[in-house]
Participant: 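Would you mind keeping the following structure in view while I ask a few things?
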Amino acid sequence: MAGEQAREDIIISEEEQIQGNKIPLYQKLSYSLTDFGGNLVFVTISTYLLYFYTDVFGLSVGVAGTLLLITRFVDGIDAPIWGLLIDRTRTRWGQSRPYFLWLCVPFALFSWLTFTTPDLSGTWKVGYAAVTYIFAGVLYTGISSPMTSILPNLSKDPKERVVLNSYRMVGGNIGLLLANSVVLPLVAILGKGDDQKGFSLTLAFLGIVAIISFLIAFANVREISTSEVKSIPLKESVKATKQNWPWILIVLTNLLYWIGTTVRSSGLIYYFQYNINAKNLVPIAGSFSSIAIIGMILIPLMVKLTNKRYVLIGALLTSAISNAMIFFVGMNTTAVIIFYAIGSVGTGVAAAMPFVMLSDAVDFGHWKSGIRASGLLTTIGSAFCVKAGSGIGAFLPSQVMSVFNYVPNSTQTPQALFGIELSFVWMPAILFTLAVIPMFFYGKYEKNEENIRKKLLKREI
């Protein structure tokens with residue numbers, strides 16, 4: 001009896017120690033630079049690559065969309081591989097952190113090559129696009145996966161993880177803001193009328209900024225307790241996914257979210273250019289979407305007042321309703337931008353929540369199977385969803401617009417305009433709504449998180 005009491009006292013002491021383990025501000029800011037640098041380049045790719053391929057690079061919309069889908073699925077296979085590599089990584093710098101150093105330059109290089117138009121034609125040109133995009137995507141998975149897998153190793157305190165993730169998401173949203181607001185102006189300024197040159201130079205500049213961001217993050221963030229974690233064999237890592245229902249539900253929601261948000265971002269420039277004749281307002285819409293940062297900052301408070309599941313559901317429904325409202329305001333560009341910005345608050349929060357929830361799923365898998373496969377679980381739950389969702393999300397609008405006879409750089413028919421509207425307005429609204437469904441089943445697992453954490457603490461004593 002006395003031994004059990006002593007055990008409970010140790011657990012309470014451990015919990016107090018965990019809750020008192022606050023991460024320094026400079027490390028939180030440095031952690032935020034990972035998603036800032038990643039989003040600065042990746043959002044540019046997900047937002048402008050379909051447009052770049054059709055209206056600048058010179059591919060048909062059907063070929064471009066099919067290319068994006070195939071390359072994304074080929075690339076998506078690498079997500080679990082990166083996760084397994086992270087689980088088996090042991091260096092003096094930690095488990096996840098060294099990837100920021102190793103991959104930042106190759107990622108920036110191939111992202112630049114993706115937006116550089118070579119003097120090629122026909123099959124060679126398509127092949128160049130496929131190879132450069134696949135390598136850029138594989139390297140993005142490699143450098144973004146540790147952004148998520150590192151979170152459980154930065155702090156054992158769930159509340160501190162929520163705060164850390166909020167810093168990361170704010171940094172990512174600032175990167176998103178810059179990508180949406182400065183890319184087209186930079187293309188115009190640097191290209192001086194030559195969009196092929198403009199996109200190439202713009203991605204070179206953004207790549208340099210991303211490299212600096214990742215190097216600062218590598219220099220400052222620190223992982224805890226990774227020296228005590230054993231290298232996990234493939235069979236054991238896969239075992240951690242079995243019956244991990246909270247993880248499965250998060251993956252389903254996150255995949256649907258990323259399909260929806262990529263459809264939305266890919267269709268933005270088409271809708272503004274052809275449906276409401278306001279291409280020049282695309283950077284302004286991107287700038288106004290920066291109010292999503294408010295939602296990011298408020299995530300810890302919203303989670304404290306409700307719970308993670310309700311915050312995610314609310315964000316997805318906000319995104320769905322705001323996107324649908326764009327249809328009802330017609331050619332009123334001010335109203336379109338306002339609803340797009342409100343929807344961006346929802347998409348920003350919805351993008352943030354799965355990352356911190358995946359840390360809880362790692363804990364659940366550890367409790368259920370005795371295996372802490374943070375690399376595999378977080379890469380499939382984050383990077384795979386991003387990559388597969390982005391591929392499907394770019395493919396769907398390209399095929400819809402192709403069916404409705406979209407022709408690049410031309411006056412569009414009413415039929416083609418309807419195809420763009422269907423892609424930009426209604427498809428994201430439907431997908432965001434569908435993403436809510438798995439979260440209705442997540443509640444019973446979220447209620448048990450505190451109990452699971454205490455049981456894991458008992459095992460460590």
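Position 1 is the first residue of the sequence, and the numbers go up from there.
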Participant: Testing the basics here: between L317 and V436, what is the closest heavy-atom pair and its distance to 0.1 Å?
Facilitator: CD2-CG2, 3.9 Å
Participant: Please tell me if the side chains of L101 and L215 come closer than 4.5 Å, counting only heavy atoms from C-beta onward.
Facilitator: yes
Participant: State the CD-CZ distance between Q415 and F404, to the nearest 0.5 angstrom.
Facilitator: 6.5 Å
Participant: What pair of heavy atoms forms the shortest contact from L177 to S181, and how long is it?
Facilitator: O-OG, 2.6 Å
Participant: Could you give the distance from CD1 (I250) to CZ (F364), rounded to the nearest 0.5 Å?
Facilitator: 10.5 Å
Participant: Taking the inter-plane angle between the rings of F135 and F110 on a 0 to 90° scale, is it parallel (under 30°), tilted (30 to 60°) or perpendicular (over 60°)?
Facilitator: parallel
Participant: Assess, by modelled atom type and distance only, whether the side chains of R97 and T91 contain a donor and an acceptor separated by less than 3.5 Å.
Facilitator: no
Participant: To check you understand the geometry: which heavy-atom pair defines the closest contact between Y31 and M147, and what is its length?
Facilitator: OH-O, 2.5 Å
Participant: Any chance the rings of Y406 and Y270 have centres within less than 6.0 Å?
Facilitator: yes
Participant: Could you give me the CA-CA distance, side-chain angles and deciding distance for Y340 and Y271, then say whether side chain to side chain contact (heavy atoms under 4.5 Å, CB included) is met?
Facilitator: CA-CA 12 Å; Y340 182 77; Y271 189 81; over 6 Å; no
Participant: Can you name the ring pair (Phe, Tyr, Trp, His ring centres under 6.0 Å) partners of F327, sequence neighbours left out?
Facilitator: W426
Participant: Are any side-chain N or O atoms of K192 and backbone N or O atoms of K197, one a donor and one an acceptor, separated by less than 3.5 Å?
Facilitator: no
Participant: Mind listing the closest non-hydrogen atom pair of S166 and P300 along with its distance?
Facilitator: OG-CD, 3.2 Å
Participant: Start with the C-alpha gap between F52 and F115, add the side-chain angles, then the distance that decides, and say whether ring pair (Phe, Tyr, Trp, His ring centres under 6.0 Å) holds.
Facilitator: CA-CA 8 Å; F52 173 78; F115 279 88; 4.9 Å; yes
